[in-house]
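Take a look at the structure set out below.
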Amino acid sequence: MTRFSFATLAAKAIGHHKSWPQQWPDAAPKAAYDAVIVGAGGHGLGAAYYLARKYGITNVAVIDKGWLGGGNTGRNTTIIRSNYLYDESAFLYDHAVKLWDGLSRELNYNVMYSKRGVLMLAHNVHDVQSFKRHIHSNRLNGVDNEWLTAEEAQAYCPPLSIDPRARHPVLGAALQRRGGTARHDSVAWGYARGAAALGVDIIQNCAVTGIRRDADGAVSGLETERGFIATRKIGVSAAGNSSVVMDMAGLRFPLESFPLQALVSEPVKPFFPCVVMSNTVHAYMSQSDKGELVIGAGTDAYVSYSQRGAMHIVEHTLAAICEIFPVVRRMKMLRNWGGIVDVTPDRSPILGKTPVKGLYVNCGWGTGGFKATPGAADLLAYTIAKDEPHPINAPFNLDRFRSGRLIDEAAAAAVAH
Amino acid sequence: MLLIHCPYCSERRPEIEFGYAGEAHIARPVQPDTLSDAEWETYLFVRTNARGRHFERWRHVHGCGRFFNAVRDTVTDRFERTYKAGEPRPGEADGWTGQSGDMS
């Protein structure tokens, strides 16, 4: 692997940039691996990277039915934050935020993590009380979050309208300054390059068609479009298709897959300094480094794997955006797409072991998995390597739906869903 | 936007008139006090989440207000059939193959 630096850049420039090597090879599957990760998104590639770097398990493959980073990793709105209400969630998401810090340096790949701040708008008395409760809870857990008045919020984000005559006036906002955005493709590419350099095989365009189990019920390998791969450890990080993969092992999961849409505007000069979210009018927006406004909202209502959604959802989202930011009313939207998000009943992920020996799962991130990428990857790698969950992801087990010990972030309303 | 045929109104109407109401044919337990934790888990939380043919409930909220069931392919989002609540789940036994595309 060529290490990226000013010196290599200068050296390659002399050769007119014609001698850059391939960043990672497109591997063909071998007959057997120590561990296989299903799903080559940020979470899966990251898990393979940490398995190799932190736990010394390098005979690993990452397998995907499409191309790497082509699922939800490349379809999200790139928001990073950790201001969740419950202790378990705060620790989980903040573990990821801590890893975002320094990720570019660790991977020698610029993931463009930008701590521009995430502003969550409060529009009514309930929002104000709920957000202040979040702020206190976050600060007790060592997660930064602070209260801004409407005027302070507008000073932080000048395009914001705080007109008191608005249908949903802004009464204040919670600001997490460590929150922000990152370049989602770079995250997948950085992890892929890092993992491949440590010996991980990245197998693309090769769908898994079955999970083979031995007489004791433990996993013994994967059936794929390109033949059988023997392995004793499988980590499934397949987002919207998690139910499909788990079904191959005979497991039914508490998941439903919904389309989640996002869209970007035509690019304009930088005018929008942070990420703004509003659960009440139901929209969120930031500006990418290319200048496009990146906009998202809630899911479509019904189960689907179609990777597209309905126009009335987009219309609702844009109506909300125009209400809070009247300045963008005449902008044109450029692209609109959908991803398939796997949602759990309590809106918290499932990250840990399954009833099948050797099968590990990282799913149920719903509408907010991107922010957790490095953390989820690290914890999945730990769980696979040690055959037991890390204390941070131990509460996010599958058993909680039986025991009733839910981590009900849906009721806590920290997430726009 | 989906166009959905309401079996009560006998009309195909835009999705915004309807509310999605989750997977169909999940029977409420007759004797809840006898259920084990595993059975409660299955009833409350576990869903088929089918990639392909999916049986689901819709409610014609801004129409007749009634619940009904539908069969939809979750990959193409195409409805195969809608039918009234209480009618049995269409299956091979009825001679129905799901290929008719009858949405009239």
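Here is the naming used below: chain letters follow the sequence lines, and residue numbers restart at 1 for every chain.
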Task: Under the ring pair (Phe, Tyr, Trp, His ring centres under 6.0 Å) test, residues paired with B:F18 that sit two or more places apart - done: B:H60, B:F68
Open item on the list: Tell me whether B:E56 is salt-bridged to B:R72, with the criterion being a basic N under 4.0 Å from an acidic carboxylate O.
Closed with: yes
TODO: Identify which part of A:V303 has an atom lying under 4.5 Å from any heavy atom of chain B, answering side chain, backbone, both or neither.
DONE: both
- [ ] Decide, yes or no, whether a salt bridge links A:R400 with A:D346 under the criterion of side-chain N to carboxylate O below 4.0 Å.
- [x] yes
Task: A:Y84 and A:Y93 aromatic ring geometry - parallel, tilted or perpendicular at 30°/60° bounds - done: parallel
TODO: Name the region of B:A50, side chain, backbone, both or neither, that has any atom closer than 4.5 Å to a heavy atom of chain A.
DONE: backbone
Open item on the list: Taking 4.5 Å as the heavy-atom cut-off, does anything in residues 38-47 of chain B contact chain A, and if so which residues?
Closed with: B:A38, B:E41, B:T42, B:F45, B:V46, B:R47
Open item on the list: Taking the basic N atoms (NZ, or NE/NH1/NH2) and the acidic carboxylate oxygens, is any pair closer than 4.0 Å for A:E323 and A:R167?
Closed with: no
Just list the side-chain donor-acceptor pairs under 3.5 Å for residues 250-260 of chain A, sequence neighbours left out, or say none.
unit_1, atom_1, unit_2, atom_2, d
A:R252, NH2, B:T48, OG1, 3.2
A:S257, OG, A:G240, O, 2.7
A:S257, OG, B:N49, ND2, 3.1

Task: Partner set under ring pair (Phe, Tyr, Trp, His ring centres under 6.0 Å) for A:F370, not counting sequence neighbours - done: A:W100
Task: Contact class of A:N241 relative to chain B, heavy atoms under 4.5 angstrom - done: side chain
